[in-house]
2 protein chains.
Amino acid sequence: MSTTSPHILVVDDDREIRDLVARHLKKHGFRVDVASGGVEMKEAVLRSRLDLIILDRVMPGEDGLTLCRNLRASSNIPVILLTLLGSDTDRIVGLEVGADDYLPKPFNPEELVARIRAVLRRAQALPTNKSAKIERVLSFAGWTLDCRARRLTSPDGVVVTLTDGEFELLRALAERPGVILSRDELLDLTSGREPGLFDRSVDMQIMRLRRRLAAHNDANDIIKTIRQQGYIFAADVEEAEH
Amino acid sequence: MSTTSPHILVVDDDREIRDLVARHLKKHGFRVDVASGGVEMKEAVLRSRLDLIILDRVMPGEDGLTLCRNLRASSNIPVILLTLLGSDTDRIVGLEVGADDYLPKPFNPEELVARIRAVLRRAQALPTNKSAKIERVLSFAGWTLDCRARRLTSPDGVVVTLTDGEFELLRALAERPGVILSRDELLDLTSGREPGLFDRSVDMQIMRLRRRLAAHNDANDIIKTIRQQGYIFAADVEEAEH
DNA sequence: GCTCATTTGTTACAGGGCGTTACAAAAAGC
DNA sequence: GCTTTTTGTAACGCCCTGTAACAAATGAGC
């Protein structure tokens, strides 16, 4: 995502505005798709790997607001709402529904570009889709974690078998290097379960995962404990798409 | 930190607006500090763990724009710019300088709240803590503190194991060389806890940290005590991105 | 200088978090 | 069904960390 130019979808029923915006964004080096709302759009979101969506607030088919809310249920892709309605409450509702920004028409195309950049700046570190997780290969300290094959390879090239739980845990951590993850968060990320009062299952899995890593190599422990807080993946990770 | 309410700093020379905004934000459950720009603000940013800053675009002392740009150099804390100047190019410049949003005065306080929420929604999903800068390596007097690996290396190359508390404390200090940090501030920075009346835990950690540094080297003590005030990191620090 | 009050450094200790082992329950393979 | 693997619970002990108590240092006042 950060390597190539951002991919933006413009959804507006007004063909004139839609194309004007699209042309302007292309001039600024974005990759642009257009759609006119409804099913067509949902498809586009699911299929391609979009970086941002520009939505018209008012559309004959499905409302921009509703669309935005629905999107938020399954994805946290950045959304900018456009609209002719410029009242305060309109803007507030738009933002509360999950949009990242709200721009009243008529707007200066340059301002739209600036706001897109501002939103992307924030959003870029995020994993885009909640639902469709991208299968990738994560490399750290000589290790290789193939998320599609669910296979871990040690620095000396040996394939290490992991149980499902161990794999999910390692992935959850390795996908978020430098982030302190609480036990509850890890539990949710790996198995989707709720905390439970005296739950130390995460500790156990961490222990087993560490043991497995240590058995094959691993001088410096990659998974560190932050007392009272949780665990952290303390190595640099390189991602490669499959 | 995600447990407590977001902490927001409002910087505006117009006391009236500043207080109005502050009151409104408090009503919505935010923790609010105010400042009137310049040194006062920088101190506040350096010291406490802020989640977001609201900056007036135009201020007699240092310009809001310049402030924002300077902030961006060392931190990725969310910034929202306010201004009387509402022209397109003003907004564009504001956003390009690194602000997350740009709101022309006069504005509806509710809209400000909505925009704050939208920005925080993005920023809080980001890895690590909000105000935290990029992960980096701090060097001082021969020592090396790797904040990603959470590891300290002594001048003679020995890796010194620190407890979590010691590490957090050392980082809090080393990130702010030459700044006097009170015990309360250090407590907040290291563990996010609130003071407590007869709390001497910081003293304890300082003592243990000093002892650990002294054990490995350290002729001149790097962490100095300022009586009645707190502690100060008395060495030059070089930062290197990882 | 001395004395006293206040602040800070140091030691001792207790509570609790966490790594670890052992074991039981649950799931998967056959 | 049985066996093997995986995963959660219980228990034990080490280590981290905060509290308390005391010693040392600092500063004020004389």
Side-chain angles (χ1 to χ4, degrees), chain A residues 150-152 159-173 180-215 218 220-234, chain B residues 3 150-152 160-173 180-215 218 220-234:
Chain A
R150 302 174 74 86
R151 212 169 51 177
L152 178 69
V159 173
V160 181
T161 35
L162 295 176
T163 68
D164 281 352
E166 286 162 5
F167 169 79
E168 291 297 341
L169 181 59
L170 182 54
R171 167 157 74 180
L173 287 161
I180 298 175
L181 293 163
S182 73
R183 288 173 173 73
D184 288 0
E185 285 169 330
L186 284 171
L187 198 65
D188 184 41
L189 284 167
T190 52
S191 62
R193 274 187 305 149
E194 285 305 305
L197 211 45
F198 295 115
D199 198 331
R200 295 198 53 198
S201 52
V202 172
D203 297 51
M204 277 284 81
Q205 291 291 45
I206 289 275
M207 207 273 280
R208 283 162 180 151
L209 182 52
R210 276 176 176 159
R211 181 188 294 166
R212 219 180 273 270
L213 294 177
D218 188 47
N220 44 357
D221 44 356
I222 293 170
I223 302 166
K224 294 209 163 143
T225 310
I226 312 292
R227 187 171 228 262
Q228 304 264 56
Q229 298 194 71
Y231 297 94
I232 188 173
F233 196 82
Chain B
T3 58
R150 302 175 71 89
R151 218 169 45 178
L152 177 69
V160 181
T161 34
L162 296 176
T163 68
D164 294 324
E166 286 161 6
F167 170 80
E168 291 296 342
L169 181 59
L170 183 55
R171 168 158 72 179
L173 286 162
I180 299 175
L181 293 162
S182 74
R183 288 172 173 75
D184 287 1
E185 287 167 337
L186 285 170
L187 197 65
D188 182 39
L189 285 167
T190 52
S191 62
R193 274 187 305 150
E194 287 302 308
L197 212 45
F198 296 114
D199 198 330
R200 295 201 52 202
S201 51
V202 172
D203 297 54
M204 275 280 74
Q205 291 290 46
I206 289 276
M207 205 273 281
R208 283 163 178 151
L209 182 53
R210 276 175 175 159
R211 179 188 295 167
R212 218 180 275 270
L213 294 177
D218 186 51
N220 45 354
D221 44 357
I222 293 170
I223 303 166
K224 293 203 167 135
T225 309
I226 310 291
R227 203 184 161 82
Q228 303 264 54
Q229 298 191 65
Y231 297 94
I232 188 172
F233 194 82

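Computed over heavy atoms, backbone and side chain alike; hydrogens, waters and symmetry mates excluded. Each chain gets a letter, A, B and so on, in the order the sequences are listed, and its residues count up from 1.
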Rounded to whole Å, CD of A/Q205 lies from C1' of D/dT9 at a distance of 13 Å
Whole-Å distance, B/L169 CG to D/dC16 P, equals 16 Å
Indicate whether OP1 or OP2 belonging to D/dT5 is found under 4.0 Å from a side-chain N or O atom of A/T163. no
Test item: B/D164 and A/K224 side chains (from C-beta on) under 4.5 Å apart, heavy atoms: no
*asked:* Does B/R150 have more than 12 heavy atoms from other residues, nucleotides or ligands lying within 6.0 Å of its CZ?
replied: yes
B/S201 side chain to B/D199 side chain, donor-acceptor N/O pair below 3.5 angstrom
yes
| request: State, yes or no, whether a side-chain contact exists between B/L173 and B/L186 at a heavy-atom distance under 4.5 Å. | output: yes
Rounded to whole Å, the CG-P distance (B/L209 to D/dG18) equals 13 Å
What pairs of nitrogen or oxygen atoms, one from the protein and one from nucleotides 20-30 of chain C, lie under 3.5 Å apart?
unit_1: C/dT21; atom_1: OP2; unit_2: A/R211; atom_2: NH2; d: 3.3

Closest heavy-atom pair, B/G230 versus B/I180, reported as atoms and distance to 0.1 Å, is N-CG2, 4.5 Å
| Given the rule in the side-chain contact (heavy atoms from CB on, under 4.5 Å) test, do A/R211 and A/M207 qualify, once you have shown the distances and angles that lead to the verdict? | CA-CA 6 Å; A/R211 181 188 294 166; A/M207 207 273 280; 3.2 Å; yes
Taken to the nearest whole Å, CG/A/L187 to C1'/D/dT7 is 12 Å
Between CD1 of A/I206 and P of C/dG17 the distance, given in whole Å, is 18 Å
Between B/R210 (side chain only) and B/I223 (backbone N and O only), is there a donor and an acceptor less than 3.5 Å apart?
yes
For A/L152 and A/L213, the nearest pair of non-hydrogen atoms, with its separation, is CD2-CD2, 3.8 Å
A/F198 CZ to C/dG16 P, in whole Å, measures 11 Å
Rounded to whole Å, NZ of B/K224 lies from P of D/dA25 at a distance of 18 Å
Atom CG of B/D164 and atom C1' of D/dT17 are separated, to the nearest Å, by 11 Å
Quiz item: Does A/Y231 make a side-chain N or O approach to OP1 or OP2 of C/dG19 shorter than 4.0 Å?
Solution: yes
*Given side-chain contact (heavy atoms from CB on, under 4.5 Å), test A/R151 with A/F167 step by step and report yes or no.*
CA-CA 8 Å; A/R151 212 169 51 177; A/F167 169 79; over 6 Å; no
Atom pairs, N/O to N/O, protein against nucleotides 2-7 of chain C, distance under 3.5 Å?
unit_1: C/dT6; atom_1: O2; unit_2: B/R227; atom_2: NH2; d: 3.1
unit_1: C/dT7; atom_1: O4'; unit_2: B/R227; atom_2: NH2; d: 3.1

